[in-house]
Every structure is written in structure tokens, then in C-alpha cells.
Amino acid sequence: MEFVSKSSTEHSSFFNNDNVNVILALLLTFVLFIPYGVAPWGNGSIFYDAIIYMECGEWQNQGMAMYRDMFDNKGPLWYFYQGFHQSVFGEMGAWVCDMVMTMITMLSIYATSRLLLSSKQSLLVVILSILYLNIFFINSGSFPQVLTMPFVAISVYLFIKRLFRNEVFSLLEVFILGVMFAIVFLTMANNVAPFIAFFFYCVIILAKTGQWKRLSFSLLLALLGIACVLIPLLLSMYKKGNLLDFYEMYIVFNLFGYSADTTILQRLLLMAKISVVAFPMYILWLVFVINTSNRKYCVWISVLFAVTCAFDFLLLGNAHRHFLITCIPVFSLMIALTYNHIKKKKLLAVSLFAAIAVMSFYTIYKRCVSSFSNVDRSHTMAVANYINAHTNEGDFFYTYMVDQSVWRYVHCKPASRFFYQDGVMNYVKSFVDETEKDILEKKPTYIYCSSKDNDRFIKMGYTKCSDCEFANILILKDALDNENLD
């Protein structure tokens, strides 16, 4: 099968179509972001993870340090990104920057598809990728994968361009891949899976042809690209005093401290449920692999997809639908290859895309309804109003096992860096001990926790508020006594 066979006349005839279809791809991405969870008009459905990400970015802009003052197991670049978009665009920052990053992703998917298909067919692949992206996360809010996805998509384009030409990456591309690997690793470490596949491709091809000097030089250039991102970041954290915290909380914790909440089987079942709209494509991909004479390409692409899914979803301690977002650039490639194989069989091609589209549109309808229906946060807002009325700006406050979106509305600072990831408190004793020590030392006036956890904090000197209608807001006894004395 000839993968790329476009003459110069074909290129010129498609020139205008490319321009038009690129604009259409950007417009469709904009439409995709209308029901986005962090859009200025649609934040009723925003999940509290996205709220915490934005709040951590804002606190970082105010001088707090990630990992030292705020704990999360996401990478440091994710929080620099959060701080950047808030300082430049304010409340609209997440919506604007996430949309731009997704536009870059879709343009990269379009470029990859153009290696195989016409301009209009490539636009169709982009449309299906947008539909699939909607299923994963679009109504929930901002996730780290939205930052890693464009770099994965660009790297997939570079890989496919070289794979179909039976070439290895140029030295400049190796350096760029090193930079992108570092950005992805320092945002969401498990999203680096495609780069691992690219590494093995280069090693195998260069080793088979005996190009050991080229292989050594390529590895050095890749390391140089990684260093260009890593060294400034490490120096910045060293200056802030959170370098050791970064190592302990991002590297050590993610490697050794993250306990499995779900079994491999449960994660496989969830992945199957999420991927149901892609089943027709998977079946045709299997038929394509069996019948094609270009097995080498198919093996590499199948390995790329399998490794990406395994790293992004199966090897983690828990499982959520948005973990598969970075599979979309590889998935779109499989769509393009499959379509290229069956495009002369119009009925089969139309059936493939119709099956994916119908199932996708149903999911999109449900998600748009969810996005524009307001989530009832009246209780959380009432709690925030009470806390703000009884504390000063910058006072310490602590939450446990409740709606963490309250942090977007209170003017307090967390009494412990472990204020957000409630789940890890169940199995990391050192985190529990440190949190209790922080509470005893900083003595936050109020604690907002689930009612079933009241006893834990009552033992630490807290009691229920007599003037408060909320059973799960506790007040420090010392503060209450001082108030009575006054």
C-alpha cells in the first residue's frame, strides 16, 4: 500500500481546501469549548479538581510554593501553566489557554492525517477526534492532559512522517522531542508513553543499520532538549526552597506511594465502557492489520497505541475517563489509516464514521445538558460566606472529605499542604501525621469536614459551632473561649 502519493498538481489543487479546512477545524474546536466546564458562562458543572488547580496557580502567583505549601501529584509545569493563564487572562485564563492548546492538538492531528488523506477527509478525522474528546472531559473542566496532548500530537506527526518514509528522526527533531518529553513528564509523568515508543523505534532502526555514532549523538541531543526544560525549572524550585518537596511529592510519591484504588480488571472494564464509540474503528483496524502488506507500520502504530493506553490508564493506581485523553492523537491516526484502507469501499467507510458519530453525538447531547445545568453549590457557597464573615483574609482554614470547590470562594489559606487530596490520607500515615501537626501548630479557627469525621477533629480541640446551621463546620475551642471572654 502506498501511504503518500500526492503529485504537485494535487498539492496545488488542495491548497485552498487546506486553508479553509484548517479554519473550520479551529472553529469546530471553539464550538467544542462552548460547554467547557471552566468557561465564564458554564462553570456550573466544573469539577472541583479544576477549581483546586486554578486556586493553586493563584496561590503560587502570591508566593506560595507547590509541593512545599500545597500538595498534589501533578507535575510542576501544570501549576506554572495555571499561574500563567490567570496572571494574563484572569478568570477566563483556563478557558482561553485550554482552547488554544486543544487547537494546536487538532491542527497536529490534521497535519498527520494529511500524510495519508485529502484535505476534506483529514477534516473528517479532526471532527471525529473532537467528538471523542468531548466524551472524555469537555464538560468537567481543566485537566493536565489538555496541556500534554498537543505535545503528544506533534510528536506523533513527526513519528509518522519518518515512519512512512523509512527514516529516523532528524537531529533537530530529536532535540525537539527531548524538549517535548520534558514538558510532558513535568506535567503528567504517565503521558510520556508515546515518547518511549519513539525511543525504541530510533534505537532499533539505527542499531539494525549499524549507525552507532548517530544513535549516540541522537541520545545526547535528546538529553540536551530535556535539560533545556529541566535545569531552569530545578533552579527555580531550588531558589524557592521546594526542590526537595518536588522530589518527594512528585517523583517518590508517584513511583512508590500511590496505592491502587482499583484492580486492573476494573480499569479495563472502565476503559471498554469509555471506548465503546470506538469499537467499530477497532474492529476495522484489526481487519486492516490482518489484510495489509505493510505490517511494519501497523505493528509500530499498534504498539504506540497499546503503550499509550497502558501508561495512561492501566498502570495508575486509580482510573478516570480523562486519563485516556492523550490517546486521542494516536487514535485519530488509526482512524486515518483505516479510512485510507477502505475509502474506495464507500459503504463501509460511511458506515464506520456513521457508527462512531451517532454514538458520539448521543454522549455529547448528555454532556451539553450537564454543562448548562447548574450544579447545586448553594451549601458550599453558604459555607464559604459563613467562613468569610467570621475570618480575616489570609487566616488559616482546613477542609476534609467535602466539596473542595469551597476554596475558590473563601479568602483563607490552607492550614496544611494536604488540604485537597483526601484519598491519600487513607493510606499514607506520614501525611496524616504531618496534617495533624500542622493543625495543632497553626490552629485554623474553622475546619470544614464531613460529619462522620467530626470526632477526629473534636479530639484535636474543636467543637461544633453553636451559631452555625452547618453540622460539619467545627470551630477551635480556644477561639470560642476567647470570643466568649470578649
Check step by step if salt bridge (charged side-chain N to carboxylate O under 4.0 Å, His left out) holds for D433 and K437.
CA-CA 6 Å; D433 293 341; K437 181 182 176 184; over 6 Å; no
Give a yes or no answer on whether the side chain of Y250 reaches the backbone of A189 with a donor-acceptor pair at less than 3.5 Å.
yes
Using modelled atom types only, decide if a donor and an acceptor are shared between the side chain of N191 and the backbone of Q145 within a distance under 3.5 Å.
no
Could you walk me through whether F253 and F71 pass the ring pair (Phe, Tyr, Trp, His ring centres under 6.0 Å) test, one step at a time?
CA-CA 11 Å; F253 176 75; F71 167 77; 5.4 Å; yes
I109 vs V125 side-chain heavy atoms within contact, under 4.5 Å:
yes
Enter the distance from I127:CD1 to T29:OG1 here, rounded to the nearest 0.5 Å.
10.0 Å
Working for side-chain contact (heavy atoms from CB on, under 4.5 Å), residues F397 and W407
CA-CA 9 Å; F397 175 54; W407 285 103; 3.7 Å; yes
Tell me whether F457 at atom CZ has more than 12 heavy atoms from other residues, nucleotides or ligands lying less than 6.0 Å away.
yes
Does the pair W78 and Y53 meet the rule for a ring pair (Phe, Tyr, Trp, His ring centres under 6.0 Å), with working shown?
CA-CA 8 Å; W78 176 237; Y53 297 149; 5.5 Å; yes
Going from SG on C56 to CD1 on I51, what distance comes out if it is rounded to the nearest 0.5 angstrom?
12.0 Å
Work out which heavy atom in S236 is nearest to a heavy atom in F80; give both atom names and the distance.
OG-CZ, 4.1 Å
Please lay out, stage by stage, how M103 and F30 fare under the test side-chain contact (heavy atoms from CB on, under 4.5 Å).
CA-CA 8 Å; M103 285 179 172; F30 173 77; 4.2 Å; yes
For the residue pair T380 and D403, what are the closest heavy atoms and their distance?
OG1-OD2, 2.9 Å
May I ask you to decide if the ring planes of H85 and Y81 are parallel, tilted or perpendicular, using 30° and 60° as cut-offs?
perpendicular
Of all heavy-atom pairs between P76 and Y67, which one has the smallest distance, and what is that distance?
N-OH, 2.9 Å
Indicate the atoms forming the closest heavy-atom contact of P232 with A227, along with that distance.
CD-O, 3.7 Å
F198 to L177 - nearest heavy-atom pair and separation:
CD1-CD2, 4.4 Å
Whether F418 and F431 hold their rings parallel, tilted or perpendicular, with breakpoints at 30° and 60°:
parallel
Would you kindly say whether Q404 and T399 are connected by a side-chain donor-acceptor distance under 3.5 Å?
yes
Could you tell me whether K413 and D69 have a side-chain N and a carboxylate O separated by less than 4.0 Å?
no
Go through T445 and H390 one step at a time and tell me if the side-chain contact (heavy atoms from CB on, under 4.5 Å) criterion holds.
CA-CA 9 Å; T445 305; H390 292 80; over 6 Å; no
Under 3.5 Å side-chain donor-acceptor pair for Y79 and N61
no
Determine whether C449 and R456 make a side-chain contact, defined as any pair of heavy atoms from C-beta on separated by less than 4.5 Å.
no
Do K464 and N454 come close enough that some side-chain heavy atom pair is under 4.5 Å?
yes
Any side-chain heavy atom of I439 sitting closer than 4.5 Å to one from Y462?
yes
Would you say L107 and V22 make side-chain contact, with heavy atoms under 4.5 Å?
yes
Quick one, M180 and I154 - any side-chain contact, counting heavy atoms below 4.5 Å?
yes
Scanning both residues in full, the closest heavy-atom pair of K443 with L476 reads CB-CD2, 3.7 Å
Would you confirm whether E393, through its side chain, and C412, through its main-chain N or O, come within 3.5 Å as a donor-acceptor pair?
no
Do any N or O atoms from the side chain of W59 and from the backbone of M66 form a donor-acceptor pair under 3.5 angstrom?
no
From L147 atom CG to T102 atom OG1, the distance as rounded to the nearest 0.5 Å:
10.0 Å
Quiz question: by atom type and distance under 3.5 Å, do the side chains of D438 and Y398 form a donor-acceptor pair?
no
Gap between atom CG of L26 and atom CE of M106 - 0.5 Å precision
11.0 Å
Report the C-alpha separation of I475 and I447 in whole Å, then their side-chain angles, then the decisive distance to 0.1 Å, and conclude whether the side-chain contact (heavy atoms from CB on, under 4.5 Å) test is met.
CA-CA 7 Å; I475 186 171; I447 288 180; over 6 Å; no
Rounding to 0.5 Å, atoms CG (L223) and SG (C228) come to a distance of 11.0 Å
Please answer whether the main-chain N or O of K240 pairs with a side-chain N or O of R68 as donor and acceptor at a distance below 3.5 Å.
yes
Min side-chain heavy-atom separation Q60-Q82 under 4.5 Å:
no
Y386 and its ring pair (Phe, Tyr, Trp, His ring centres under 6.0 Å) partner, picked from Y448, Y446, Y409
Y446
Is the F185 ring parallel, tilted or perpendicular to the F181 ring (thresholds 30°, 60°)?
parallel
Any side-chain heavy atom of V174 within less than 4.5 Å of one from L219?
no
State whether R408 and E91 are salt-bridged, where the test is any N-O pair (Lys NZ or Arg NE/NH1/NH2 against Asp/Glu carboxylate O) under 4.0 Å.
yes
Rounded to the nearest 0.5 Å, the CE atom of M99 sits from the CD1 atom of I104 at a distance of 11.5 Å
